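First comes the structure, then the notes that go with it.
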Amino acid sequence: MAESSTKTGSTSFGKFNTWRQQHVSDRQFTLALSLLVGLLAAVAAFVLHALIDQIQRLLTAGFNFRSFNWLYLVFPVVGIYLTSLFVKYVVKDNISHGITRILYAISRKQSRLRGHNCWSSVIASAITIGFGGSVGAEAPIVLTGSAIGSNLGQRFHLDGKTMMVLVGCGASAAIAGIFKAPMAGLVFTLEVLMIDLTMASLMPILIASVTATCFTYILVGSDSLFHFTLDSAWQVDRVPATILLGIFCGLVSLYFIRMMTACEKVFARLGQHSYLKLMLGGVVLSGFIFFFPVLYGEGYNSINILLNGRTESDWGAVLNNSLFYGHGDLLMVYIGLVLVTKVFATSATNGGGGCGGTFAPSLFIGAFAGFFFSRLWNTNGLSVYVPEQNFALLGMAGVMAGVMHAPLTGIFLIAEITGGYEMFIPLMIVSICAYLTIIIFEPHSIYGMRLAREGKLITHHTDKAVLTLMSLDSIIDRTFHAVEPDMPLGKLVNVISMSRTSYLPVLNQAGMLLGEVDLTRIRHVMFRTELYHHFTVAQLMTPPAATLGVDDPMEDVMRKFDETNAYALPVVDTDTRLIGYISRTRMYATYRKMVADMSAE
């Protein structure tokens with residue numbers, strides 16, 4: 001009975017899809033799907049934050065803010081352990097590095113994300129963050145939104161270009177839904193996911209962002225995620241301090257990226273020893289949270305304290321629940337230590353088996369960096385006073401711009417989520433200076449650097465983007481006639497008569513490539529029948545001009561063709577077994593078609 005209903009549902013869907021293809025254009029249908037993606041992403045963001053809030057309330061409701069709490073040593077470890085069990089036995093797939101996973105899907109998998117990504121990151125990150133994991137919910141929900149768009153596209157058999165747009169719709173809707181910031185969602189997709197801004201992509205992404213924002217207002221009300229009250233209007237004489245803050249944020253971003261990478265390598269060396277990772281991650285995370293409770297979870301409450309504080313007692317609230325409580329004179333020491341240790345807490349959370357992103361940590365570090373800088377500036381008695389809460393706000397934009405290599409996202413996100421539009425000019429100054437500082441040392445964002453090293457990162461450069469999107473596997477010709485090295489010339493001629501290419505690969509019994517026979521080089525003997533028993537393939541074969549690996553980036557493939565001027569080159573696996581050939585003609589035909597498709601509206 002259940003099988004019958006499944007078949008009926010599948011048939012009904014097939015009929016609907018056929019009707020849709022006949023009566024609704026792909027462009028119109030994409031716009032309709034973008035609205036649906038926006039709605040679903042907003043609901044997913046609401047569910048995730050509701051789960052995090054409920055778990056944190058249940059666990060920390062009875063804590064005494066005037067003293068330290070031993071349970072800070074327990075909860076984070078439990079959260080990481082539960083998350084790792086959920087991923088291992090329920091999801092059975094790697095769901096870490098959510099935004100990097102989206103970039104990889106766009107560049108290597110025709111924007112295809114697995115179905116479980118529509119929900120698995122929500123549950124895993126809710127457990128991790130709710131129990132104190134020092135990471136953000138943004139990357140998991142961005143992966144969720146993108147997966148919703150991707151799976152809808154797969155369901156309706158849409159082409160790769162439309163799938164990429166729907167993935168972008170999901171990402172922009174996720175950011176817009178979390179922060180109620182539609183413009184930030186749009187520019188995040190353009191800057192971080194590298195989706196080109198054309199009318200074909202702009203309208204769906206805008207619709208998804210606005211839809212997600214509207215439904216978030218319906219679900220949670222009109223309050224902003226961060227509350228900010230401008231201390232004093234921005235003044236021109238603060239430009240030098242603003243520029244220096246931007247440079248400082250760029251250097252903090254560099255520290256964050258480099259230290260995060262180093263910590264990831266430490267956990268990577270542990271390999272498949274999940275319990276060792278859990279022990280190391282749990283000890284580091286719980287230890288830091290015990291001494292610095294502001295590292296518990298996303299840390300948005302601490303950011304609000306820095307953004308709204310007016311007096312020392314206000315700002316001293318960040319010392320609550322810690323050993324530093326009541327020692328307001330150590331506020332700067334505390335903030336400096338938190339600034340340094342946050343990256344270790346974030347790395348330990350993900351490395352130990354938790355699930356979360358670096359979006360919220362960059363905002364957190366930015367706020368603390370901005371406050372730290374401004375307090376040092378004012379303490380040194382420099383002529384121009386700078387408001388600490390204003391600079392905490394600017395620091396959020398600066399570090400985000402540096403870590404994500406996305407200055408526009410930093411500008412619009414901070415302006416939208418705090419209502420700090422009066423700070424638009426200093427936001428631009430800080431974001432630009434931070435970005436210009438970080439690119440001196442790191443050419444790629446924290447999300448793209450892993451893929452960039454492997455040549456798998458799509459960019460706004462059309463030629464390079466096409467080469468990244470091209471699939472080596474799709475242009476391999478696997479229909480070849482192979483010969484053995486001891487085959488006599490007479491039999492070789494028979495094989496040549498059946499071949500449609502001017503080359504024949506020479507393989508041993510294991511399928512390993514030994515060389516190839518070039519028909520243009522043996523014409524002087526192949527028609528002389530008296531020589532048919534005097535020559536073997538081993539005597540006539542020559543080494544290939546070059547060989548290609550199955551994982552070679554397309555830029556390397558193009559370069560080898562240019563260097564050798566070969567008509568076709570063999571593709572081999574890691575054991576030099578022949579997989580097939582790639583012809584120059586087919587490769588360039590595919591390349592030209594993809595360039596034309598990408599350039600079309």
Side-chain angles (χ1 to χ4, degrees), residues 48-49 51-65 67-88 95-98 121-140 259-260 263-264 266-267 270 273-303 318-325 334 337-365 368:
L48 175 55
H49 276 101
L51 287 174
I52 293 172
D53 185 61
Q54 287 301 315
I55 294 173
Q56 289 183 345
R57 285 176 184 273
L58 287 172
L59 296 180
T60 63
F63 281 11
N64 180 4
F65 70 88
S67 65
F68 58 86
N69 295 276
W70 291 106
L71 287 175
Y72 279 135
L73 294 171
V74 178
F75 290 156
V77 181
V78 173
I80 293 177
Y81 182 62
L82 291 176
T83 303
S84 61
L85 290 179
F86 171 75
V87 172
K88 183 177 181 179
I95 57 175
S96 62
H97 302 304
S121 294
V122 172
I123 298 175
S125 59
I127 297 171
T128 299
I129 301 170
F131 276 82
S134 195
V135 288
E138 292 75 20
M259 197 55 67
M260 180 75 74
C263 292
E264 285 180 355
V266 171
F267 282 99
L270 298 178
H273 303 291
S274 57
Y275 285 101
L276 289 178
K277 290 182 178 181
L278 173 64
M279 288 175 60
L280 177 59
V283 169
V284 172
L285 176 62
S286 61
F288 279 130
I289 290 179
F290 176 75
F291 287 105
F292 312 109
V294 292
L295 299 177
Y296 189 97
E298 295 170 297
Y300 286 164
N301 290 335
S302 301
I303 294 176
V318 298
L319 305 175
N320 289 354
N321 296 308
S322 74
L323 297 171
F324 290 80
Y325 179 80
Y334 185 84
L337 290 173
V338 169
L339 192 59
V340 171
T341 56
K342 176 65 174 180
V343 63
F344 294 102
T346 299
S347 300
T349 302
N350 286 328
C355 177
T358 56
F359 202 111
S362 67
L363 290 176
F364 181 92
I365 290 177
F368 275 70

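This structure is a prediction, so every number in the text was calculated from the model and none was measured.
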Sequence neighbours left out, what passes side-chain contact (heavy atoms from CB on, under 4.5 Å) with Val283? Give chain and number order. none
Heavy atoms, side chains only, cut-off 4.5 Å: are Phe364 and Val294 in contact? yes
All heavy atoms of Pro140 vs all of Ser121, minimum pair found to be O-CB, 3.6 Å
Side chain to side chain contact (heavy atoms under 4.5 Å, CB included) assessment of Ser322 paired with Tyr334: CA-CA 10 Å; Ser322 74; Tyr334 185 84; 4.0 Å; yes
Applying side chain to side chain contact (heavy atoms under 4.5 Å, CB included), run through Leu285 and Val77 and close with a yes or a no. CA-CA 8 Å; Leu285 176 62; Val77 181; over 6 Å; no
Checking Ser84 now: which residues fulfil side-chain contact (heavy atoms from CB on, under 4.5 Å) with it, not counting sequence neighbours? Tyr81
So Val338 and Leu295, do their side chains get closer than 4.5 Å, heavy atoms only? yes
Show your working on side chain to side chain contact (heavy atoms under 4.5 Å, CB included) between Asn350 and Phe267 and close with a plain yes or no. CA-CA 9 Å; Asn350 286 328; Phe267 282 99; over 6 Å; no
Between Gly130 and Tyr296, which heavy-atom pair has the shortest distance, and what is it? O-OH, 3.1 Å
How close do Gln56 and Ile129 get, counting heavy atoms only, and between which atoms? NE2-O, 3.3 Å
Using a 4.5 Å cut-off on heavy atoms from C-beta on, say whether the side chain of Val135 contacts that of Ser125. no
Tell me every residue that passes side chain to side chain donor-acceptor pair (under 3.5 Å) with Thr346, counting only those two or more places apart in sequence or in another chain. none
Closest non-hydrogen atom pair between Ile52 and Ala126, with its separation: CG1-CA, 3.8 Å
Under a 4.5 Å cut-off applied to non-hydrogen side-chain atoms, are Leu280 and Val266 in contact? yes
Any side-chain heavy atom of Glu298 sitting closer than 4.5 Å to one from His49? yes
Step through the shown structure and confirm whether more than 12 heavy atoms of other residues, nucleotides or ligands are within 6.0 Å of CZ on Phe86. yes
On a heavy-atom basis, the closest approach of Cys263 and Phe344 is SG-CD2, 3.8 Å
Which heavy-atom pair separates Thr349 from Ala345 by the least distance, and what is that distance? OG1-O, 2.7 Å
Going by side-chain contact (heavy atoms from CB on, under 4.5 Å), name the residues that satisfy it together with Met279, two or more places apart in sequence or in a different chain. none
Summary of salt bridge (Lys or Arg N to Asp or Glu O under 4.0 Å) pairs that have at least one residue in residues 51-64, sequence neighbours excluded: Asp53-Arg57
Nearest 0.5 angstrom please: Leu82 CG to Ile123 CD1, how far? 13.0 Å
Under a 3.5 Å distance rule, please check whether Thr83 uses its side chain to pair with a backbone N or O of Cys355 as donor and acceptor. no
Contact check, side chains of Lys342 and Phe292, non-hydrogen atoms, under 4.5 Å: no
Pairwise distance CG(Leu337) to CZ(Phe291) - rounded to 0.5 angstrom: 11.0 Å
Below 4.5 Å, heavy atoms only, C-beta onward: do Ile289 and Phe75 meet side chain to side chain? no
Can you list the residues that meet the ring pair (Phe, Tyr, Trp, His ring centres under 6.0 Å) rule with Phe290, with sequence neighbours excluded? Phe68, Trp70
